[in-house]
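Any value given below was found using the heavy atoms of this structure, including those in side chains, with hydrogens, waters and symmetry copies removed.
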Amino acid sequence: MGDAMKKLIEIIAFSSVMFLIAGCGGGGGSDSWLYPSWVETDIYVTDIDGDGLSDVITLAMLATSASQREGRLMVYRQTSLGVFASPDTYVVGTYPWKIEVGDINGDGLPDLVVTDPDGRAVWLLLQDPVKNGQFLPPQQIVSGVYNYKATIADLNGDSVPDIAIADDLVDSNRLVLLYQNPAQRGTFLSAVDFTLPGSSSSLTAGDLNGDGRADLFMWIYLARSGYTPNGVLAVSLQQTNGTLGPVTALAPQTGLNVGLLAIDDYNGDGSHDLFAFFTPFSSDYNAKLSVLLQESQPGTFSAPVDTSLADIKGIDSATVADLNGDGRPDVAVVGFFPVGSPSTVQSRLNLFTQSGGGAFALAGSYNLPIAASRVAAGDIDGDGLNDLVVLGGQNQCLVLIQSHSVIGTFNVPQPL
């Protein structure tokens, strides 16, 4: 499936880099030179400790041998503008993939939910109530689910956040819903299956029809055409009785995997629109950005407006945020790729700003000094403008501050 294929491609790419190193003197009859090695999977910007400064959270798999793999979640807390403390590190799962942030137990402090597909688990890290910005040991809240993505939202209208988990296992045909026990915050009722027409690798939540209730926006894999994936964007609107309504298919796709789903107001009309970043299954297909604008009838959406990324290098992941201070969402796409012969690896950050009607245009590209494959946006320096943070290169984190002199451009990347 999509994220599983992405994981495989990243491992192959990493192995190719290691092979080049070996050819330059590594090896020696043993694979010990390969380790320790990292595969970075997610990065998130938020104020985790409530001091008004944005912090950075990263997620990666650390391999210390061919058989030993563990997840590493690292929290970089900003102690003053532009100054980050050494990260707090937590061991989470086997090969964790995504971070979600929300106040699960109602103490006013953000908590973390981490998906772990290889471990078939979802982990909850509650923030330590006496040590702001630090977390209690991870607790497993779901098992037996091949999950790449979860989302935190009130899914039954009781004003308490719940968790929806995508199950990417072939023929699973479900989401797993964890409704929180409102009488005992931080605990959950028995998991409930929500039936889908296929398996799902990604989802996100937001109010899609203006009724104040959280709805779901999903990517669903349908039956394959041979080896080629078929999928569809879909929504499920929460009903007035607190249940999720029928799944409505919106935009079928062939030969593509989804790299990002987001909900935001593209055109400033006060209604939420749908954003998708697609990566190609093979060289027969091309990456693209798609926007589905909300129509006049709340909760209905137009046909997708596509922006081709066929000529763009560096398409591993993306983020949606206002990147030029105009109040409208833009897109940053980052990734690494081989160049030259013999191949070396280059990494690039590409910025896309709105060009109208749901489309985007390339506004700038930045070559990066590390093999970055993850990107997030947030106001790092407190000037009201979003900056960018990238992750890669053996778990290195770089920040690109948005220029104060030329809004919409970014300064040279610097380590945290």
So, the side chain of [X] versus the backbone of [Y]: is there a donor-acceptor pair under 3.5 Å, distance only?
{"X": "Asp128", "Y": "Gln134", "result": "no"}
{"X": "Thr41", "Y": "Pro96", "result": "yes"}
{"X": "Asp265", "Y": "Gly270", "result": "yes"}
{"X": "Asp264", "Y": "Pro329", "result": "no"}
{"X": "Asp207", "Y": "Gly212", "result": "yes"}
{"X": "Glu40", "Y": "Gln394", "result": "yes"}
{"X": "Gln253", "Y": "Gly231", "result": "no"}
{"X": "Asn147", "Y": "Ile165", "result": "no"}
{"X": "Asn350", "Y": "Lys313", "result": "yes"}
{"X": "Asp154", "Y": "Ser159", "result": "yes"}

Heavy-atom side-chain proximity of [X] to [Y] below 4.5 angstrom:
{"X": "Tyr90", "Y": "Leu112", "value": "no"}
{"X": "Val334", "Y": "Arg374", "value": "no"}
{"X": "Val389", "Y": "Val375", "value": "no"}
{"X": "Leu175", "Y": "Leu216", "value": "yes"}
{"X": "Gln239", "Y": "Arg213", "value": "no"}
{"X": "Arg174", "Y": "Thr195", "value": "no"}
{"X": "Pro117", "Y": "Asp168", "value": "no"}
{"X": "Leu233", "Y": "Leu274", "value": "no"}

Hey, what do you get for [atom1] ([X]) to [atom2] ([Y]), rounding to the nearest 0.5 Å?
{"X": "Asn181", "Y": "Thr187", "atom1": "CG", "atom2": "OG1", "result": "4.0 Å"}
{"X": "Leu351", "Y": "Phe410", "atom1": "CG", "atom2": "CZ", "result": "5.5 Å"}
{"X": "Leu208", "Y": "Ile263", "atom1": "CG", "atom2": "CD1", "result": "4.5 Å"}
{"X": "Asp383", "Y": "Gln402", "atom1": "CG", "atom2": "CD", "result": "7.0 Å"}
{"X": "Lys98", "Y": "Ile43", "atom1": "NZ", "atom2": "CD1", "result": "11.0 Å"}
{"X": "Leu169", "Y": "Ser201", "atom1": "CG", "atom2": "OG", "result": "12.5 Å"}

**Q.** Parallel, tilted or perpendicular, as decided by the 30° and 60° cut-offs, for the rings of Phe275 and Tyr266
**A.**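 Geometry flag for Phe275 against Tyr266: tilted rings.
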Hydrogens and angles aside, do [X] and [Y] bring a side-chain donor and acceptor to less than 3.5 Å of each other?
{"X": "Ser308", "Y": "Asn286", "result": "no"}
{"X": "Gln346", "Y": "Asn367", "result": "yes"}
{"X": "Asn257", "Y": "Tyr221", "result": "yes"}
{"X": "Asp381", "Y": "His404", "result": "yes"}

Heavy-atom pair of closest approach, residues [X] and [Y]:
{"X": "Ile315", "Y": "Ala287", "answer": "CD1-CB, 3.7 Å"}
{"X": "Ser290", "Y": "Phe278", "answer": "OG-CE1, 3.6 Å"}
{"X": "Leu177", "Y": "Ala164", "answer": "CD2-CB, 3.7 Å"}
{"X": "Arg72", "Y": "Val91", "answer": "NH1-CG2, 3.3 Å"}
{"X": "Asp322", "Y": "Gly327", "answer": "OD2-N, 2.8 Å"}
{"X": "Ser199", "Y": "Asp167", "answer": "CB-O, 3.6 Å"}

(Q) Which residue in the set Ile48, Asp55, Thr58 passes side chain to side chain contact (heavy atoms under 4.5 Å, CB included) when paired with Tyr76? (A)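 Passing option: Thr58.
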Q) Given the rule in the side-chain contact (heavy atoms from CB on, under 4.5 Å) test, do Val399 and Phe84 qualify, once you have shown the distances and angles that lead to the verdict? A) CA-CA 11 Å; Val399 60; Phe84 288 82; 5.7 Å; no
Q: Check the pair Gln139, Leu126 against side-chain contact (heavy atoms from CB on, under 4.5 Å), reporting the backbone distance first and the verdict last.
A: CA-CA 9 Å; Gln139 52 181 295; Leu126 294 174; 3.6 Å; yes
Q. Looking at Asp47, Asp88, Asp51, which hits side-chain hydrogen bond (donor to acceptor under 3.5 Å, both in side chains) with Arg77?
A. Asp88
(Q) As a test of understanding, state which of Tyr95, Trp123, Tyr146, Tyr148 forms a side-chain hydrogen bond (donor to acceptor under 3.5 Å, both in side chains) with Asp116. (A)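 Exactly one candidate clears the test, Trp123.
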Q: Evaluate the criterion side-chain contact (heavy atoms from CB on, under 4.5 Å) for residue pair Val101 and Ile152; output intermediate values, then yes/no.
A: CA-CA 7 Å; Val101 178; Ile152 300 172; 5.8 Å; no
Q.
Quick test of your reading of the model: are Asp118 and Arg69 salt-bridged, counting only N-O distances below 4.0 Å?
A.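 Looking at Asp118 and Arg69, the cut-off is met.
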Q: Carefully, step by step, assess Phe217 and His272 under the rule side-chain contact (heavy atoms from CB on, under 4.5 Å).
A: CA-CA 11 Å; Phe217 175 36; His272 280 146; over 6 Å; no
